[in-house]
Peer 1: 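Take a look at this one; I'll ask things after.
If you're wondering where the values come from, they're calculated on a predicted model, not measured in any experiment. Chain identifiers are assigned alphabetically (A, B, ...) following the order of the sequence lines, protein sequences preceding nucleic acid strands; residue numbering begins at 1 within each chain.
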Amino acid sequence: MYSFKSVEEKWQKIWIQNNTNVTPSISPTDRDNKCYVLEMLPYPSGKIHMGHVRNYCIGDVLVRYKKALGYKVLHPMGWDAFGMPAENAAIQNGTHPKVWTYQNIEEMKNTIISLGLSYDWDRELATCSEEYYGHEQRLFIEIYEKGLVYRKESWVNWDPVDNTVLANEQVIDGKGWRSGADVVKKQLPQWCLRITQYAEELLRNLATLKSDVNCGGWPEKVLTMQENWIGKSDGMSIKFKIIKNSNYVGYPEDNLVIFTTRPETLFGASFCAIACNHPLALLIAQENKAAATFISECQKIPTTECSQSIVEKKGFNTGMFVSNAINQDDVLPIFIANFVLMEYGTGAIFGCPAHDERDFEFATKYNLPIRSVISSSKSDSLPYVCTNGMMINSGFLNGLSVADARTTVCNFLEKALLGTRETTYRLRDWSVSRQRYWGCPIPMIHCKKCGIVTVPKKDLPIVLPDDVDFSVPGNPLDHHPTWKYVKCPYCGTDAERETDTLDTFFESSWYFLRYCSPHDDEPINKKAIEAWMPVDVYIGGIEHAVLHLLYARFFTMVLSDCGYINIREPFTTLLTQGMVCHTSFQDDSGKWLYPNEVEIEKDGKCFAVDDGRHVTAVRSEKMSKSKKNLIDPEQIISTYGLDALRIFIMSDTPYEKDFDWNTDALDGAWRYLNKMWRLCERINAKYKIFTEVLYKNDSAAIDSSHILKVTHCYLKKINTAFDQIVFHKAIAFHRELTRAIEGVLNEDVPVHIMAEVINIWIRVFAPFAPHFALEAYQFLFSSPETIDLLHWPTLRSELAREDTATIAVQVNGRLRHTFESHLGRSDDELKEISLSNEHVKKFIKCNTVKKVIIVPDKLVNIVTE
RNA sequence: GCGGCCGUGGUGAAAUUGGUAAACACGCCAGGUUUAGGUCCUGGUAGCGAAAGCUUUGGGGGUUCAAGUCCCUUCGGCCGCACCA
């Protein structure tokens, strides 16, 4: 009987004794032989959940495979330890964020260790440690000195529940990503990072991350999401001359500059519109009360509705006019409009109602002309927004295609100095200020005399004070009695520290670099980076497709420009794993029940275990505390063992898909281990212990015994599955191999053949069930010393070739017959065998054979009249 | 609205990338074993049909000797973005 408890404990002890998981040191010549596998670092919420387990199992299987192949592997783990939950816990139960966080880390670390995962704990880091964030402050200053950090008084997304500013990426459907509260607009001075300066490279490099056939790269989906997020569009900035009529207000520019991606539709323009906070709008508002009222009305609209574009389009006619850049005689009214965004383009547009839905809606409402300038054979309904068609009503553009008209008009306007071709991006600069305590203090000082200055590097780290008061709402650093009061390091006068802390995405933007030299005095050690980076395989959830993954790429470029590192992209291959789901249960009063509180009968009806009341199986959804549809990993491990859990979680469902928890299938994994162990016992009973015979892997020993061939055929398939990272297929092949071995156990297979077969059988299973495999290996083989790692078996490709094939015989494309044939049979032979088969003849009937298609070693298709 | 992904047995899924659809597993059915057990072993399991055989990869059409795979169309689901000019 296989006893997983003692076996798992035994091998974990040996791994610790042997320092099995300590990262090997490497030299530059090892680069082709290194592998950096990383799972996204967890937030220390206190408990490991199944999502973590799935994430880490994928990484661990990969690591063990790579190590078995002889790669030098870096596989670290750490904690994304700053952030709001710690602060919320402090507010709710009075536990200090630091205490709360480190307690959680302790607890989670113990669980992860008990999972037997191959992490090098010497490299563990917590982003909330003074050491880590001190280095981070140093990086911040360097980035600042590089001119990539600036301060901006700006409208921000304010989360009224969390009392903090949110980045655009943290606003989902107009609600705070964490609190779910409706986000409101508020003006605050913010620290911003110039990510937009890297928009082009961030976009361009996406092409280099595309996955080749079976060869790493990033999922197409993530690339698309990043591409859309960056949102590049090519267009033109065009000057519209402002007409100085009676409504004119003094504006420093003669022209209103608008941005458009459709310059060819200029002849169809019937108005211009500017954003509420456009400089011209603000000027007008100073003199015009109605305009001021309109603007403040617009700003009252909650971001929720704004961003969902459900707000009715409204405009304020300023009474001012511009002349159309393409035709001075064409005069267009200027509106202030609620649908024009200051943040995009120039904050001003021209409206061409015939060919833009928004402009159409606006023009209809305010009775503005709707002039069609593109004729299409496909549709004559307006607005017509496609770019197929021919230009009409457009002066010198008439008769041109849309594309040609665009080129022509751009050339014309540039020549006339009325416009410049321009590229804009949807991507905004990254606002990193947070009005929170539990984060990395921004190392800046506000001095009345010197202005805003950086903290000298010798004064780093700026340490968070421990004595903070959470009873007052707002930022505890801001109302701390002493912390923020300092002397200016440059002039010595009274000054104040910056009390904003950094967005926690800052920490996760460079931790993978720190892992390469976690104890170095410098934040980043260039030699270590050259050795280990980039991360070869990065594994995590798709929810970070645009947040973390974009920032980390940006940081890599920035730190490369600062001279810290020598690469531009941090993650070569990205694996995004699906969620772990489970049915959620609800009783008739709406209360959620844990799975173990529910009894499911054969007909699918559910009842509560305690009082038998009726329970509804709602649906299978992501495991979550609120829905109580949780399975506790620790409980599963104590009942089934680690290896069974690993096999179960890697079987059946591809890692990128959502995984439905299924206790029956977990039983199946457990049964498989036991079946394997019984097989080991039978093998041992028959063959005793396999000795050196197996190591004599010379050519003389080549034997084409059937089982050996079968085994090498499976090894080949399993190798491919591992290389392509489709683990569930590797397990399926392994099960087939197991069955094949069972089948020959009553035959007289020579001992050296069996030794080779079993050797392969156990070794390829080790990444999935490392404890089991080592135990089985030790049980069946005399090994010279204590082993802690099984090397990958060598494929003998001359054996992995089938020498017969099943030939399919089709008549008119439908399968009628199959026969076994040796490989390499000639077309004529195959044809003759097929045509002479009685069964096949029946289907040819008396029709004449028109032609015969032959796919060598595979198929014959007889085509009749 | 725009963009992307995906529809295969009762279920999770395979299919060497255009060449024998449903490997492997879960579940279910039948049979067997003195089976303490979350057992184990053998066989069956896409549908229809007594069988020969016919039908079958959401629906319809097309290309091809051959389509789950390619093209068009339609329906359904999931995800992302959402007044981005």
Side-chain angles (χ1 to χ4, degrees), chain A residues 1 172-174 213-214 219-229 231-233 235 258-263 265 273 305-313 337-341 343-352 355-359 361-362 385 424-428 542 545-546 602 639-640 644 647-648 651-654 657-660 662-672 674-675 678 717 720 726 728-736 738-739 742 806-818 842-843 850-855 858-864:
Chain A
M1 188 72 205
I172 294 148
D173 287 340
V213 190
N214 309 328
E220 201 65 39
K221 187 181 174 176
V222 176
L223 295 175
T224 311
M225 282 167 75
Q226 291 216 352
E227 192 182 325
N228 292 341
W229 193 264
K232 177 178 178 170
S233 42
I258 64 93
F259 176 77
T260 180
T261 54
R262 300 288 306 274
T265 63
E305 291 167 32
C306 242
S307 63
Q308 284 173 11
S309 65
I310 50 174
V311 177
E312 194 193 349
K313 293 188 180 21
N338 64 348
F339 68 97
V340 179
L341 308 170
E343 298 80 19
Y344 187 78
T346 59
I349 60 156
F350 81 81
C352 176
H355 305 289
D356 183 283
E357 277 170 15
R358 295 151 304 177
D359 298 347
E361 190 188 329
F362 192 81
V385 297
T424 60
Y425 299 89
R426 209 191 71 108
L427 183 71
R428 309 285 161 74
I542 188 111
V546 279
K602 258 201 169 170
T639 348
Y640 290 87
I647 294 165
F648 163 62
S651 293
D652 301 338
T653 305
K657 286 207 179 185
D658 286 351
F659 180 95
D660 243 314
N662 171 357
T663 304
D664 285 328
L666 174 58
D667 277 325
W670 182 86
R671 284 199 298 265
Y672 185 52
N674 285 291
K675 181 198 185 112
R678 281 195 306 274
K717 285 185 179 181
T720 309
V726 273
H728 67 297
K729 270 158 71 179
I731 292 176
F733 295 142
H734 192 265
R735 296 184 95 124
E736 288 185 57
T738 302
R739 190 178 288 181
E742 264 184 314
T806 310
I807 308 291
V809 184
Q810 299 179 331
V811 178
N812 294 322
R814 312 179 66 156
L815 183 72
R816 297 303 180 189
H817 177 59
T818 59
K842 253 192 351 213
F843 286 92
K850 210 166 81 181
K851 64 174 159 178
V852 178
I853 311 275
I854 289 157
V855 183
K858 193 159 271 178
L859 174 137
V860 176
N861 188 10
I862 297 156
V863 186
T864 69

Peer 1: Taking N or O atoms only and anything under 3.5 Å, show me the protein contacts with nucleotides 44-54 of chain B, one pair per line.
Peer 2:
{"from": "B:rG53", "atom 1": "OP1", "to": "A:His839", "atom 2": "NE2", "distance (Å)": "3.3"}
{"from": "B:rC54", "atom 1": "OP1", "to": "A:Arg816", "atom 2": "NH1", "distance (Å)": "3.3"}
{"from": "B:rC54", "atom 1": "OP1", "to": "A:Arg816", "atom 2": "NH2", "distance (Å)": "3.1"}
{"from": "B:rC54", "atom 1": "OP2", "to": "A:Arg816", "atom 2": "NH1", "distance (Å)": "2.9"}

Peer 1: For the side chain of A:Lys675, counting heavy atoms from C-beta on, which of B:rU20, B:rC41, B:rG12 is nearest?
Peer 2: B:rC41

Peer 1: Quick one: look up who B:rC5 pairs with, Watson-Crick or G-U, both distances under 3.5 Å, and put none if it's unpaired.
Peer 2: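 Paired with B:rC5, as far as the under-3.5 Å criterion goes, is B:rG77.
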
Peer 1: Side chain of A:Arg678 only, please: which of B:rC24, B:rA85, B:rC41 is the nearest?
Peer 2: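 It is B:rC41.
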
Peer 1: Is any side-chain N or O of A:His728 closer than 4.0 Å to OP1 or OP2 of B:rA14?
Peer 2: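 Answer is yes, contact under 4.0 Å.
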
Peer 1: For B:rA85, does OP1 or OP2 lie under 4.0 Å from any side-chain N or O of A:Thr424?
Peer 2: no

Peer 1: Taking the minimum atom-to-atom distance to the side chain of A:Arg739, which one of B:rA25, B:rC41, B:rA14 wins?
Peer 2: B:rA25

Peer 1: Using a cut-off of strictly less than 4.0 Å, decide whether A:Lys858 has a side-chain nitrogen or oxygen near OP1 or OP2 of B:rU16.
Peer 2: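 The answer is no; no side-chain N or O of A:Lys858 sits under 4.0 Å from OP1 or OP2.
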
Peer 1: What is the per-nucleotide protein-contact pattern of nucleotides 62-69 of chain B, from the 5' end, where B denotes a base atom under 4.0 Å from a protein heavy atom, S denotes such proximity for sugar-phosphate atoms only, and - denotes neither?
Peer 2: ---BS---

Peer 1: If pairing requires Watson-Crick or G-U wobble contacts with both distances under 3.5 Å, which nucleotide is the partner of B:rC48?
Peer 2: B:rG53

Peer 1: Can you say whether a donor on the side chain of A:Lys221 sits under 3.5 Å from an acceptor on the base of B:rC79, or the other way round?
Peer 2: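 Such a pair does not exist between side chain and base.
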
Peer 1: Does A:Phe339 have A:Lys313 sitting over its ring (NZ/CZ under 6.0 Å from centre, angle to axis within 45°)?
Peer 2: yes

Peer 1: Have a look at B:rU8 and give me syn or anti from its glycosidic angle (syn if within 90° of zero).
Peer 2: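 Nucleotide B:rU8 adopts anti.
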
Peer 1: Quick check, does A:Phe259 stack with B:rA85? I mean ring centres under 5.5 Å and planes off by under 30°.
Peer 2: no

